[in-house]
Amino acid sequence: MSESIFVAAPPDEVYALVSDVTRMGEWSPVCRACWWDDGDGPRVGAWFTGRNETPERTWETRSQVVAADPGRKFAWEVNNGWVYWGYEFEPRDGGTRLTESWEFLPQGIAGFRERFGDTADAEIDRRRDAARSGIPATLAAIKDSAETR
C-alpha cells in the first residue's frame, strides 16, 4: 500500500529529512525512536534499530537500507526481508510529491505464520491496519517538518 502528499520543499531537502531515520520517531504514530548502527548513515547496506510502541506492547526491529538515491528514493527492509518501507521523491510544482510505501513481504508472511500459528492472519491484518492509518499520519508530519524548517 502507498499514499502520497505534496510537500512545499525540494526533493533533496525532503530526502535529507526522511533518510535521517533518527527523526522517524517525530513523525510515526508507532515508531518512537531509531538509531544507526555504529554511527552509520543513509547508505545501501546500512543497519539501524527502531523502537516501536502501541498500547499493547513495545518492541524493537532491525532494518537494513535497500535504496538510498538522494532526492529520488529511500527504503529499508525490516527483519531481513519481512517488511518493506519506502519513500519516493518526485519534483512537482516547485516542491515534492512524497510517496510512502509499505509491503508485507512473502518471507514476513511466512515468518508470522510460523511465529503466531493460528492467529497469524489476525496479526498480519493488525500490521496492515497500522500501516494504513500510519502512512497518512507520517506523511502529514514529514510535510509539516519540511515546510516549517
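This chain uses plain numbering: 1 for the first residue, then up along the sequence. Remember, it's a predicted structure, so these values are computed and weren't measured experimentally.
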Is a side-chain donor-acceptor pair under 3.5 Å present for W27 with S145?
yes
Decide yes or no for E100 and T138: does some side-chain heavy atom of the first lie under 4.5 Å from some side-chain heavy atom of the second?
yes
Under 4.5 Å between any side-chain heavy atoms of D69 and F89, yes or no?
no
Using a 6.0 Å cut-off, check whether atom CZ of R23 has over 12 heavy atoms from anything other than its own residue.
yes
Within a radius of less than 6.0 Å around CG of D125, do more than 12 heavy atoms belonging to other residues, nucleotides or ligands occur?
yes
How many angstroms lie between CZ in R127 and CH2 in W82, if you round to the nearest 0.5 Å?
9.5 Å
Decide, yes or no, whether a salt bridge links D129 with R132 under the criterion of side-chain N to carboxylate O below 4.0 Å.
yes
Can you confirm whether R62 sits close enough to V78 that some side-chain heavy atom of one is under 4.5 Å from a side-chain heavy atom of the other?
no
Taking C-beta and beyond as the side chain, do E13 and V7 meet within less than 4.5 Å on heavy atoms?
no
Nearest 0.5 Å, please: how far is CG in D144 from CG in L139?
12.5 Å
Between R113 and I124, is any pair of side-chain heavy atoms under 4.5 Å apart?
yes
With side chain to side chain contact (heavy atoms under 4.5 Å, CB included) as the test, would you mind laying out the steps for W36 and V21 before giving the verdict?
CA-CA 8 Å; W36 293 107; V21 298; 3.4 Å; yes
Check for me whether the distance between the ring centres of W102 and F104 falls short of 6.0 Å.
yes
So Y87 and W76, would you call those rings parallel, tilted or perpendicular, with 30° and 60° as cut-offs?
tilted
How many angstroms lie between CG in N52 and OG1 in T58, if you round to the nearest 0.5 Å?
9.0 Å
Is there side-chain contact between V83 and L105, with heavy atoms separated by less than 4.5 Å?
no
Pairwise side-chain contact, T61 with N79, heavy-atom cut-off 4.5 Å (strictly under)
no
Between Y84 and V66, is there a side-chain heavy-atom distance shorter than 4.5 Å?
yes
If you count every heavy atom of other residues, nucleotides or ligands that lies below 6.0 Å from E114 atom CD, does the total exceed 12?
no
Under a 3.5 Å distance rule, please check whether E123 uses its side chain to pair with a backbone N or O of F112 as donor and acceptor.
no
Flag, side chain of R32 to backbone of P29, donor-acceptor distance under 3.5 Å:
yes
Run the side chain to side chain contact (heavy atoms under 4.5 Å, CB included) test on T96 and F6 for me, step by step, so that the C-alpha distance in whole Å, both residues' side-chain angles and the decisive distance to 0.1 Å come before the verdict.
CA-CA 6 Å; T96 302; F6 176 80; over 6 Å; no
